[in-house]
Amino acid sequence: MADLNSLQDLGASPAAQPEAPVHVQKLDAQGRAYATGKRKDAVARVWVKPGSGKITINNRDFSEYFARPVLQMVLRQPIVAAARDGQFDVVATVAGGGLSGQAGAVRHGISRALTYYEPGLRSVLKKGGFLTRDSRTVERKKYGKAKARRSFQFSKR
């Protein structure tokens, strides 16, 4: 009977509940945080380090690489949301996809790298939806169709 009672005591202990994961700072030898961002077919490798707020993409200034103001705004969203504008230098290399997908990939990478550098920013960026990988991709073409869903023109005669 003593064995059964000891088993009941073990089941009632509050330590059986899983603990929340503890996020720690992840930096490389140069003091930078690295993350990979993805969107559509674009993949971005992003390094974040403390600095003056300079953003470089494929060895060019971000305003030169992404000429459209909307893409520049998309790129800076996580930095502005985290209230760290002008505090971090961002270096990114991006390949694949078009400009819109590349901007989304860099944004995703910046968000993840910021959480690796400052784990306290995770809640703010998660609330803004910056840490979620946008899984929407182009639907594949089907046989018997002109595109994924578009049929060929129908002719009655």
Holding to side chain to side chain donor-acceptor pair (under 3.5 Å), I want the full list of residues that pass it with T36, two or more places apart in sequence or in another chain.
Y34

Whether over 12 other heavy atoms sit under 6.0 Å from D134 CG:
yes

Using every non-hydrogen atom in the two residues, find where A33 and Y116 come nearest and quote the distance to one decimal.
CB-CB, 4.1 Å

Closer than 3.5 angstrom, by distance alone: can the side chain of D85 be matched with the main-chain N or O of I79 as a donor-acceptor pair?
no

Are any side-chain N or O atoms of Q87 and backbone N or O atoms of G51, one a donor and one an acceptor, separated by less than 3.5 Å?
no

Under the 3.5 angstrom rule, does the side chain of D28 hit a backbone N or O of Q30 as a donor-acceptor pair?
yes

Is the shortest side-chain heavy-atom distance between K145 and R150 below 4.5 Å?
no

If you take all heavy atoms of A42 and A105, which pair is closest and at what distance?
O-CB, 3.8 Å

Keeping Q102 on the side-chain end and G96 on the backbone end, is there a donor-acceptor pair under 3.5 Å?
yes

So do R107 and Q77 actually touch side chain to side chain, heavy atoms under 4.5 Å?
yes

Hydrophobic clusters here meaning ILVMFWY residues chained together by side-chain heavy-atom distances under 4.5 Å, can you tell me if L125 and V48 are in one?
yes

Does L27 belong to the same Ile/Leu/Val/Met/Phe/Trp/Tyr cluster as F88, with side-chain heavy atoms less than 4.5 Å apart forming each link?
yes

Going hydrophobic residue to hydrophobic residue with side-chain gaps under 4.5 angstrom, can you get from V46 over to L99?
yes

Please determine if D89 and K49 form a salt bridge, counting it only when a charged side-chain N lies under 4.0 Å from a carboxylate O.
no

Which pair of non-hydrogen atoms, one from A35 and one from G109, has the smallest distance, and what is that distance?
CB-O, 3.5 Å

Should we say atom CZ of R68 is surrounded by more than 12 heavy atoms from elsewhere, each under 6.0 Å from it?
no

Is there a donor-acceptor pair closer than 3.5 Å between any side-chain N or O of R84 and the backbone N or O of A82?
yes

Closest contact, heavy atoms only, A44 versus V94
CB-CG2, 3.9 Å

Just wondering, are more than 12 heavy atoms of other shown residues or ligands nearer than 6.0 Å to CZ in R149?
no

Is there side-chain contact between L75 and I55, with heavy atoms separated by less than 4.5 Å?
yes

Looking at OG of S111 and CZ of R122, how far apart are the two atoms once the value is rounded to the nearest 0.5 Å?
11.0 Å

Please report the shortest heavy-atom distance between A92 and V106, naming the atom on each side.
CB-CG1, 4.4 Å

Could you tell me the separation between the CZ atom of R76 and the CG atom of L71, rounded to the nearest 0.5 Å?
13.5 Å

Non-hydrogen atoms of E139 and K142 that approach each other most closely
OE2-NZ, 2.8 Å

Decide side chain to side chain donor-acceptor pair (under 3.5 Å) for K40 and T137; before the verdict, give the C-alpha distance in whole Å, the side-chain angles of both, and the deciding distance to 0.1 Å.
CA-CA 5 Å; K40 292 186 178 179; T137 55; over 6 Å; no

Backbone of F130 reached by a side-chain donor or acceptor of K126 within 3.5 Å:
no

Going hydrophobic residue to hydrophobic residue with side-chain gaps under 4.5 angstrom, can you get from W47 over to L114?
no

Close side-chain approach of R112 to L131, heavy-atom, < 4.5 Å:
yes

A quick test of your reading: do over 12 heavy atoms of other residues, nucleotides or ligands sit less than 6.0 Å from NZ of K147?
no

The reported gap from NZ in K54 to CG in D61 (rounded to nearest 0.5 angstrom) is 7.0 Å

Would you say V74 and I57 are hydrophobically clustered, going by side-chain heavy atoms of ILVMFWY under 4.5 Å?
no

